[in-house]
Amino acid sequence: QHKFTISTFLSEFSEFLESVITTPHRLLIGADFNIHVNDPNNSDAKSFGDMLDDMDLKNHVSVPTHTSGHTLDLLITRSNDSILLQEPERKYFISDHAFIKVATILSKPDVTLKNITYRKTKDIRGAFKKFQDKPS
C-alpha cells in the first residue's frame with residue numbers, strides 16, 4: 001500500500017512541470033508513471049492527460065509497456081520540440097515492463113576540465129612553525 005495518493009502525485013508532478021517548462025532547455029522526461037494512460041475510462045489517466053495538454057506536453061509512447069497490457073512507461077516532451085528522431089519503439093520485456101528504445105538529437109555535453117590549485121594545510125602549519133622557531 002502506497003502512503004501517497006494519485007492526487008498527491010498529480011499535484012506535485014504538476015508543480016515540478018511548472019518549474020521545468022519555463023526553462024529554455026530541451027525537455028525529455030522518461031519514467032514509469034504507473035498510470036493507465038491507454039484507458040479512456042480511467043479518471044486518473046484523464047487528469048494526467050489533461051495536465052500534459054494544459055502544459056503543451058506530449059507523451060510519445062502509445063503501445064502497452066506492461067505485461068498487463070497497459071501503457072505505464074512514458075516519454076514526454078514539449079509538443080513543439082522535435083528532439084526525437086523517431087517514435088519510441090517497444091523492444092522486449094526485461095521484467096513486467098517493456099524496454100523502450102528511442103533515438104534523440106540530444107548529445108552528451110562536452111567534458112570541461114578545471115584546474116584547481118591548493119596547498120596542503122599540513123605544509124602551511126609546518127612552514128608557520130619553522131617561521132616561529134627562527135631566532136630573531
Side-chain angles (χ1 to χ4, degrees):
Q1 181 83 6
H2 297 289
K3 65 179 185 175
F4 297 108
T5 64
I6 188 70
S7 61
T8 301
F9 167 75
L10 291 173
S11 173
E12 291 180 1
F13 190 61
S14 177
E15 287 177 27
F16 166 73
L17 289 176
E18 287 172 2
S19 71
V20 297
I21 62 171
T22 58
T23 66
H25 308 291
R26 292 184 173 136
L27 179 66
L28 176 62
I29 299 170
D32 169 10
F33 284 88
N34 224 14
I35 299 173
H36 300 175
V37 298
N38 61 312
D39 183 354
N41 299 317
N42 184 305
S43 61
D44 296 330
K46 172 124 179 55
S47 297
F48 185 78
D50 290 346
M51 177 180 53
L52 294 182
D53 288 342
D54 291 346
M55 295 191 187
D56 201 25
L57 298 173
K58 177 182 178 185
N59 166 39
H60 295 271
V61 179
S62 59
V63 296
T65 61
H66 192 262
T67 54
S68 68
H70 293 291
T71 305
L72 307 177
D73 305 276
L74 312 178
L75 286 170
I76 299 168
T77 66
R78 289 184 179 91
S79 294
N80 60 354
D81 270 352
S82 52
I83 60 175
L84 302 184
L85 293 174
Q86 62 194 37
E87 285 302 304
E89 182 181 353
R90 182 186 67 201
K91 294 300 279 182
Y92 46 84
F93 285 84
I94 55 177
S95 65
D96 57 335
H97 290 264
F99 174 80
I100 305 298
K101 178 183 173 188
V102 66
T104 69
I105 62 168
L106 302 174
S107 59
K108 288 185 354 182
D110 292 334
V111 175
T112 55
L113 300 177
K114 184 176 182 180
N115 189 13
I116 300 172
T117 305
Y118 63 94
R119 287 194 269 182
K120 295 180 184 175
T121 54
K122 271 186 177 178
D123 292 348
I124 295 170
R125 281 185 290 198
F128 183 69
K129 174 106 173 91
K130 286 179 189 176
F131 177 75
Q132 285 181 327
D133 293 342
K134 275 189 176 180
S136 8

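Remark: N115 CG to T117 OG1 distance equals 5.0 Å, nearest 0.5 Å. With values rounded to the nearest 0.5 angstrom, D44 atom CG is found 5.0 Å from I6 atom CD1.
In the hydrophobic clustering of this structure, F33 groups with L17; members are Ile, Leu, Val, Met, Phe, Trp, Tyr whose side-chain heavy atoms approach within less than 4.5 Å, directly or through other members. Cluster membership check: I35 shares its hydrophobic cluster with F13, using side-chain heavy-atom separations under 4.5 Å among Ile, Leu, Val, Met, Phe, Trp and Tyr. Under the 4.5 Å side-chain heavy-atom criterion for grouping Ile, Leu, Val, Met, Phe, Trp and Tyr, L106 is not connected to L74 through any hydrophobic cluster. Connection of V37 to I76 is established within a shared hydrophobic cluster, with ILVMFWY side chains joined at heavy-atom distances below 4.5 Å, either directly or through further cluster members. Follow the hydrophobic side-chain contacts under 4.5 Å out from L85 and you reach L28 in the same cluster.
Sorted by first then second residue, the ring pair (Phe, Tyr, Trp, His ring centres under 6.0 Å) pairs that include residues 68-87, not counting sequence neighbours, are H36-H70.
S82 approaches I105 most closely through the heavy-atom pair O-CD1, 3.6 Å.
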What do the steps show when you test S14 against S11 for side-chain hydrogen bond (donor to acceptor under 3.5 Å, both in side chains), and what is the final call?
-> CA-CA 5 Å; S14 177; S11 173; over 6 Å; no

Step by step, work out the side-chain contact (heavy atoms from CB on, under 4.5 Å) result for V102 and H60.
-> CA-CA 10 Å; V102 66; H60 295 271; over 6 Å; no

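Scanning for side-chain contact (heavy atoms from CB on, under 4.5 Å) contacts around I21 gives L27, M55, L57, with sequence neighbours left out. Remark: D32 pairs with no residue by the salt bridge (Lys or Arg N to Asp or Glu O under 4.0 Å) rule, at least two apart or across chains. Listed by chain and number, the residues in a side-chain contact (heavy atoms from CB on, under 4.5 Å) with D96 are H66, T67 (sequence neighbours excluded). The side-chain contact (heavy atoms from CB on, under 4.5 Å) test applied to T23 returns H25, R78, not counting sequence neighbours.
Two residues are said to be in side-chain contact when any heavy atoms from C-beta on lie closer than 4.5 Å; F16 and I29 meet this criterion. Using a 4.5 Å heavy-atom threshold, the side chains of R26 and T104 count as separate. Residues I100 and E89 fail the side-chain proximity criterion, which asks for heavy atoms closer than 4.5 Å.
The hydrophobic cluster containing L113, built from Ile/Leu/Val/Met/Phe/Trp/Tyr side-chain heavy atoms closer than 4.5 Å, also comprises V111.
Using a distance-only test at 3.5 Å, with no hydrogens or angles considered, a donor-acceptor pair links the side chain of S79 to the main chain of D56. Proximity of a side-chain donor or acceptor of T71 to a complementary backbone N or O of T65 within less than 3.5 Å is not detected.
Relative ring orientation between F9 and F48 is described as parallel, the plane-to-plane angle staying below 30° on a 0-90° scale split at 30° and 60°.
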